[in-house]
Amino acid sequence: MGVEVVVEGLSKSFGKQTIWRDVTLTLPPGEISVLLGPSGTGKSVFLKSLVGLLKPEYGKIVISGTDICRCSEHKLYDVRKLFGVLFQDGALFGSMNLFDNIAFPLREHTRKGEAEIRRIVLEKMEMVGLIGAEKKLPGEISGGMRKRAGLARALVLDPEIILFDEPDSGLDPVRVAYLNQLIVDLNAQIDATFLIVTHDIGTARTVPDNIGMLFRRELVMFGPREVLLTSTEPVVEQFLMGRREGPIGMSEEKDAGQAAAELAALKANGGGGPLGGPKGGGGTGIVPQIEPTEGLPIRKAVERRKDRVMQILHTLPSSAQDAIIASLTREEQVHYGVFAGAGAHAVREPAVSTSTAQLPTPYPRAAELPETQWQPKQGSIVDEPPQQPTAQRSRRSWLRRGGSQ
Ligand SMILES: Nc1ncnc2c1ncn2[C@@H]1O[C@H](COP(=O)(O)OP(=O)(O)OP(=O)(O)O)[C@@H](O)[C@H]1O
């Protein structure tokens, strides 16, 4: 199973430019999470911070018990071995064929012999559907194949965490659909922790277990997919609908007055469809998650996530609660003691007391569960100044951490 990544109070600046501050979230082990956000909000900076390529000034990133923001270079080197990274363009060496590109980390970082390297490289090339292309140079293949080669290379050291920086960029919608299926299939096979940065709303709606969003130098949300997909926060709705009207402007954020006026006009017109049209399967609301291809193992993370999310259900907005409960089978609803349509109020004691043998394992630290229901910010993001008081930020920190401590 992949490892948990705990990010606490993380802040990063370049000189006087704050990229983001006080980012707190937990990537649950083995689950797929997506990070959204308008261009320039620091998603790539966040990925680079997770692998220790950039050093945030404040906060922690704890992976397998090590805070990589404070550890020695030697320890950081060890932690980095847990990661596989798929860079935007695949980051392949142009003069090496695909086999040698994919073998590169094994030759650099292990003492394996060539026979073993060949076995591993061919296994990973098969996983990403590239068998037969070993001798091709990166310049001789399509963008989609280059991404898959980059993915095979990210897999050769058997990573426990895989970071994907815009895996869908530059691909046509059909290739994006194949790549998304491949990501889900890989997760089912290796059960590693995945974090995907993407602008593709179709990907965000159908692939992840959790979704987060960066905007105005902070993490607006992070939590189970149902929270963001049912959110009525203007910035989230605008992003998911691919609309011009809303707080996000051409250069990240608009004047608050202008954004509020646009949204009011949109509402007056009956809510309004997206003037520009949603890109990449845009829209709000829950759509089914992609499942692994038939014949592959089930995603173990999905089962673990069910237990995890049911433990924090009462802290989530009611629209997300309803969507989560509706996604359960009748048997699961009985098991968890919830009923469709009744929201958190339907969570009843028997979920805990009927049979301790049925308790999720490991049983969450009940004493640490939040007592209050999740609260979105008062008012909308449109009305808020870029800097938020700490108290308001910490109210949502439970959700951003994905409900864990
Ligand atoms: N090494 C660096 N030195 C100085 N500024 C940097 C550095 N790396 C990134 N930045 C700045 O950080 C900001 C965020 O960049 P980043 O690439 O992380 O955004 P992003 O959200 O990934 O954007 P996009 O969606 O367009 O890829 C940008 O203003 C960028 O210029």
Side-chain angles (χ1 to χ4, degrees), residues 5 7 9-25 27 32-59 61 68-69 76 80 83-91 143 146-147 150-151 154 161-171 176 179-180 183 194-205 207-208 210-222 228 233 235-236 238-244 246-254 276 278-282 381 386-387 400:
V5 178
V7 175
L10 206 67
S11 301
K12 176 72 198 151
S13 308
F14 290 111
K16 287 191 175 155
Q17 186 192 7
T18 300
I19 306 300
W20 27 252
R21 61 182 153 245
D22 202 16
V23 171
T24 295
L25 60 84
L27 302 179
I32 306 177
S33 301
V34 151
L35 184 60
L36 299 172
S39 289
T41 43
K43 302 178 295 298
S44 300
V45 169
F46 186 72
L47 291 189
K48 285 178 189 160
S49 301
L50 290 188
V51 278
L53 291 173
L54 289 172
K55 283 255 181 260
E57 289 76 30
Y58 301 102
I61 301 171
I68 62 158
C69 299
L76 180 60
R80 272 204 193 129
F83 281 92
V85 184
L86 174 59
F87 295 100
Q88 267 188 39
D89 54 359
R146 275 197 292 278
K147 300 251 187 204
L151 190 49
I161 309 160
I162 306 188
L163 307 180
F164 301 77
D165 195 359
E166 296 191 34
D168 33 43
S169 68
L171 298 186
V176 171
L179 190 69
N180 286 343
I183 290 172
F194 286 17
L195 177 62
I196 305 169
V197 160
T198 182
H199 288 292
D200 187 85
I201 300 309
T203 301
R205 297 181 80 204
V207 174
N210 311 290
I211 311 180
M213 186 163 180
L214 283 169
F215 183 59
R216 285 193 178 153
R217 294 168 289 283
E218 71 166 38
L219 188 69
V220 178
M221 277 187 189
F222 183 83
L228 198 120
E233 286 275 357
V235 66
V236 174
Q238 182 188 5
F239 200 85
L240 292 181
M241 294 299 292
R243 251 181 358 214
R244 285 201 305 275
I248 307 168
M250 184 71 121
S251 54
E252 208 217 308
E253 65 190 77
K254 282 182 195 166
K279 179 180 168 283
I381 287 178
Q387 261 184 310
R400 293 177 191 152

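Just so you know, ligand 1 is whichever comes first in the structure, and atom 1 is the first atom listed for that ligand.
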Check: Leu214 and Val220: side chain to side chain contact (heavy atoms under 4.5 Å, CB included), yes or no, with the steps?
Finding: CA-CA 6 Å; Leu214 283 169; Val220 178; over 6 Å; no
I'd like the atom pairs linking ligand 1 to the protein - N or O on both sides, separation under 3.5 Å - with distances to 0.1 Å.
{"unit_1": "ligand 1", "atom_1": "18 (O)", "unit_2": "Ser44", "atom_2": "N", "d": "3.3"}
{"unit_1": "ligand 1", "atom_1": "18 (O)", "unit_2": "Val45", "atom_2": "N", "d": "2.9"}
{"unit_1": "ligand 1", "atom_1": "19 (O)", "unit_2": "Gly42", "atom_2": "N", "d": "3.3"}
{"unit_1": "ligand 1", "atom_1": "21 (O)", "unit_2": "Gly40", "atom_2": "N", "d": "3.4"}
{"unit_1": "ligand 1", "atom_1": "21 (O)", "unit_2": "Thr41", "atom_2": "N", "d": "3.1"}
{"unit_1": "ligand 1", "atom_1": "21 (O)", "unit_2": "Gly42", "atom_2": "N", "d": "3.0"}
{"unit_1": "ligand 1", "atom_1": "21 (O)", "unit_2": "Lys43", "atom_2": "N", "d": "3.0"}
{"unit_1": "ligand 1", "atom_1": "21 (O)", "unit_2": "Lys43", "atom_2": "NZ", "d": "2.7"}
{"unit_1": "ligand 1", "atom_1": "22 (O)", "unit_2": "Ser44", "atom_2": "N", "d": "3.0"}
{"unit_1": "ligand 1", "atom_1": "22 (O)", "unit_2": "Ser44", "atom_2": "OG", "d": "2.9"}
{"unit_1": "ligand 1", "atom_1": "23 (O)", "unit_2": "Gly40", "atom_2": "N", "d": "2.9"}
{"unit_1": "ligand 1", "atom_1": "25 (O)", "unit_2": "Lys43", "atom_2": "NZ", "d": "2.8"}
{"unit_1": "ligand 1", "atom_1": "25 (O)", "unit_2": "His199", "atom_2": "NE2", "d": "2.7"}
{"unit_1": "ligand 1", "atom_1": "26 (O)", "unit_2": "Ser39", "atom_2": "OG", "d": "3.3"}
{"unit_1": "ligand 1", "atom_1": "27 (O)", "unit_2": "Glu166", "atom_2": "OE2", "d": "3.2"}
{"unit_1": "ligand 1", "atom_1": "29 (O)", "unit_2": "Gln17", "atom_2": "NE2", "d": "3.1"}

Check: How far does CG of Leu47 sit from CZ of Phe87, to the nearest 0.5 angstrom?
Finding: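 The CG atom of Leu47 sits 9.0 Å away from the CZ atom of Phe87.
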Check: Can you tell which of Thr41, Thr24, Asp22, Leu35 makes a side chain to side chain contact (heavy atoms under 4.5 Å, CB included) with Leu219?
Finding: Leu35
Next item on the list: Pick out which of Leu195, Asn210, Leu10, Val7 makes a side chain to side chain contact (heavy atoms under 4.5 Å, CB included) with Leu25.
Entry: Val7
Next item on the list: Just say parallel, tilted or perpendicular for the rings of His199 and Phe239, cut-offs at 30° and 60°.
Entry: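 Geometry flag for Phe239 against His199: tilted rings.
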Check: Are the side chains of Leu163 and Phe46 in touch, meaning some heavy atoms are under 4.5 Å apart?
Finding: no
